[in-house]
Amino acid sequence: MSVEPTDPGAAPAAPAPSDFIRDIVAQDVAARRHAEIITRFPPEPNGYLHIGHAKSICLNFGIARENNGRCNLRFDDTNPVKEDVEYVESITTDVRWLIAGWADHCLGLKVKGGTPAQQTVNGRADAYAAPAPASARDTEAFFASDYFEELYGYAVALIQRGHAYVCDLTPEETEAYRGAPDKPGRDSPYRTRSVAENLDLFARMRAGEFPNGARSLRAKIDMASPNIWLRDPLLYRIRHTAHHHAGDKWCIYPLYDFAHCLSDYLEGITHSICTIEFEVHRPLYDWILQRLELPRALPRQYEFAKLNISYTIFSKRRLLQLVNERHVNGWDDPRLPTLSGARRRGIPASAIRRLAALVGVTKFESVTDVALFEHAIRDELNALAARRLAVLRPVKVVLTNLPAGETVLCDATNNPQDENPTTRQVPLTREVYIESEDFAEVPPPKYFRLKPGGEVRLKYACIIKCDEVVKDATGAVTELRCTADLTTRAGGTNADRKVKGTIHWVSANLSVAAEVRLYDRLFTVAEPGATDDFTRHLNPGSLEVVTARLEPSLATARVEDRFQFERLGYFALDPKDSAPGRPVFNRTITLKDTWAKK
RNA sequence: UGCCCGAUGGUGUAAUGGUAGCACAAACGAUUCUGACUCGUUUUGUCUAGGUUCGAGUCCUAGUCGGGCAGCCA
């Protein structure tokens, strides 16, 4: 089943994930029910994608990938008043980023501007929205709005079969007639209109003869059904509004329930996977498809529980509020759980995919500990991040036995996780900076770092001893005067001398200054979404900006590079605010710190 | 108070009638030129009550708790 390469020399591939939906797909494959497994990721272009969506993307593309199938990116754009091209662009970018190097080959797109092709299947008319051939130059995502003509035809067919009618009830009346969960609804007085009259009225709805809300097209099912969604649900509403993708061709727009199942059908979707709030819609999904007696196999809907992560929020409304009220700086603020925020923060797409694999797929809506996500991020970054030396809060150290002007080049390992690690050189000079946290005049118990009269190793360089602490008038430490034992350098006679602590450092004059943004969780409580005013729990310390000193090699860092600043965490260039000669780094995540925790 | 869905350590999950396992987290230890990584050890679990069965986390019944559904949103 797995398409993972089975290279005998390579590390064993991760086992293909397994869950109840993949089990169903596997059974369908075993039974040869479909020529190809086709899923879809169907966002509405009315907001930015977040980590919660990533779970769905990974599920849908993962299933396609594991079965040599396809996953269509489709915009579910049936409500022009809420949607915008800004979002179709950001969503497309985010999806491509998330699946890059993993499932690009499964991404279903269509020829730009393409609409469903008419075909005949078993002697019956049919339409099919085909993916773009590999040779196609100009491609774009699928759009439900590209199916408006077909959808209209299906609506007409439903009317002709006596399964739909035009209703003149106002929105308020419709609501009143619907009843309540424990009270049956009442039939609309327009429910018994003739097919001919319905056809005429529906055509006139399309022609724009009626104002918004004056009439609607409804399915004729059962106003007494215990399932609200079977109480003659609306199929079409009148909206005299232009559409961001379809233009001004339409003034009637299909509703989700009508458009979604048929869009799935048109694209040949085999498994339509959505979140559990749509579970009660499934009977309607099947009802519409079955009444139309379509010539090809019907898609089936399956539901899973959406992702929640502690210390953050995924609600579109609340995310929007954070942006609008300027608690964060835009949708791609690195503190936000949006995919654009995560990307900007330096989180690799692979870490998000790993999280999705780690949390699994069930019907139980849970709250995943953010620690699991952090673990996935660290684990991915540990393998691919180049180690560098950087000091966030510098304290000057003068190595009194090193002549000014002398530079000692030290070999530093780029990534000890590599099978054959490479090295670079970092310059040691008379004046260096160390992290202010790495010196304590009055050290707590078991403090491994520098203290008066104590010794510590400067990583990749040598052991130094603190001889003198220089302070200013206020008592703040301004300088540490130390002696360096150059015989403890790698290859030196005392190279193997052990000291308890090893700290990071940079040369004072041979280092570069940079703005570094330190992020912490956005909220101070595990479930901010559970409270009424979630903004009360915003973490005031979620962003701290420092001017750090970086080793010289970091001056040429590229946006796509990932770094571990040793002993501090993982960092990446901010792709937006960095400029040549003026690097801005974002801290993606700290290293695990079992010492600080105590 | 209608219908649908769900419930396994602190968290997320596996076990498809046959030894409750994994990951994260936590604790302790080893190792360490990153208090990271790695390695070892340990703590903690089948919502409740009945029933079926040689045997139940799994099947049945009832209950409890949680989620979803009454947009011309998706």
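Each chain gets a letter, A, B and so on, in the order the sequences are listed, and its residues count up from 1.
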Compare side-chain N and O positions of Ser18(A) against OP1 and OP2 of A14(B) and report whether any pair is under 4.0 Å apart. no
Using a heavy-atom cut-off of 4.0 Å across all strands, would you classify Arg378(A) as base, sugar-phosphate, or nothing? nothing
Using a heavy-atom cut-off of 4.0 Å across all strands, would you classify Val499(A) as base, sugar-phosphate, or nothing? nothing
Between G6(B), U1(B), G35(B), which nucleotide gets closest to the side-chain atoms of Tyr447(A)? G35(B)
Quote, to the nearest angstrom, the P distance that separates C3(B) from G63(B). 11 Å
Against the side chain of Thr594(A), the closest entry in G35(B), C33(B), G12(B) is G35(B)
Can you confirm if the NZ or CZ of Arg239(A) lies within 45° of the ring axis of Tyr253(A) and under 6.0 Å from the centre of its six-membered ring? no
Tell me: CG of Asp19(A) to P of G6(B), nearest whole Å? 15 Å
Summary of protein contacts for nucleotides 66-74 of chain B, nucleotide by nucleotide, where a base hit scores B, a sugar-phosphate-only hit scores S (4.0 Å, heavy atoms): --BSBSBBB
Cation-aromatic face contact Arg587(A)/Tyr519(A), 6.0 Å, 45 degrees: no
Among G2(B), G35(B), A14(B), which nucleotide has an atom closest to any side-chain atom of Thr362(A)? A14(B)
Using atom C1' of each nucleotide, how far apart are G57(B) and U13(B) to the nearest Å? 14 Å
Is there a side chain to side chain contact (heavy atoms under 4.5 Å, CB included) between His50(A) and Lys316(A)? Walk through the geometry before answering. CA-CA 9 Å; His50(A) 53 64; Lys316(A) 240 176 220 181; 5.7 Å; no
What does Ala490(A) touch in the nucleic acid at a heavy-atom separation under 4.0 angstrom: a base, only the sugar-phosphate, or nothing? base
Check whether Phe439(A) forms a cation-pi arrangement with Arg449(A) (NZ or CZ under 6.0 Å from the six-membered ring centre, at most 45° off the ring normal). no
Within 45° of the axis and under 6.0 Å from the centre of the six-membered ring of Tyr433(A), does NZ or CZ of Arg549(A) qualify? no
When you measure from the side chain of Thr502(A), which nucleotide among C33(B), A25(B), A23(B) comes out closest? C33(B)
Choosing from U34(B), U16(B), A25(B), which nucleotide comes nearest the side chain of Asp23(A)? U16(B)
Contact class for Lys363(A) vs. all strands (heavy atom < 4.0 Å): base, sugar-phosphate, or nothing? sugar-phosphate
Where does the angle between the aromatic ring planes of Tyr265(A) and Tyr154(A) fall among parallel (under 30°), tilted (30 to 60°) and perpendicular (over 60°)? perpendicular
Examine C4(B): is either OP1 or OP2 under 4.0 Å from a nitrogen or oxygen in the side chain of Arg282(A)? Give yes or no. no
For nucleotides G2(B) and U44(B), find the distance between their P atoms and express it as a whole number of Å. 42 Å
When the distance from CG of Leu284(A) to C1' of C4(B) is rounded to whole Å, what number comes out? 15 Å
Using a 3.5 Å limit on both distances, find every run of at least three consecutive Watson-Crick or G-U pairs that involves RNA chain B. B:2-7 with B:64-69, B:10-13 with B:21-24, B:26-30 with B:38-42, B:47-51 with B:59-63
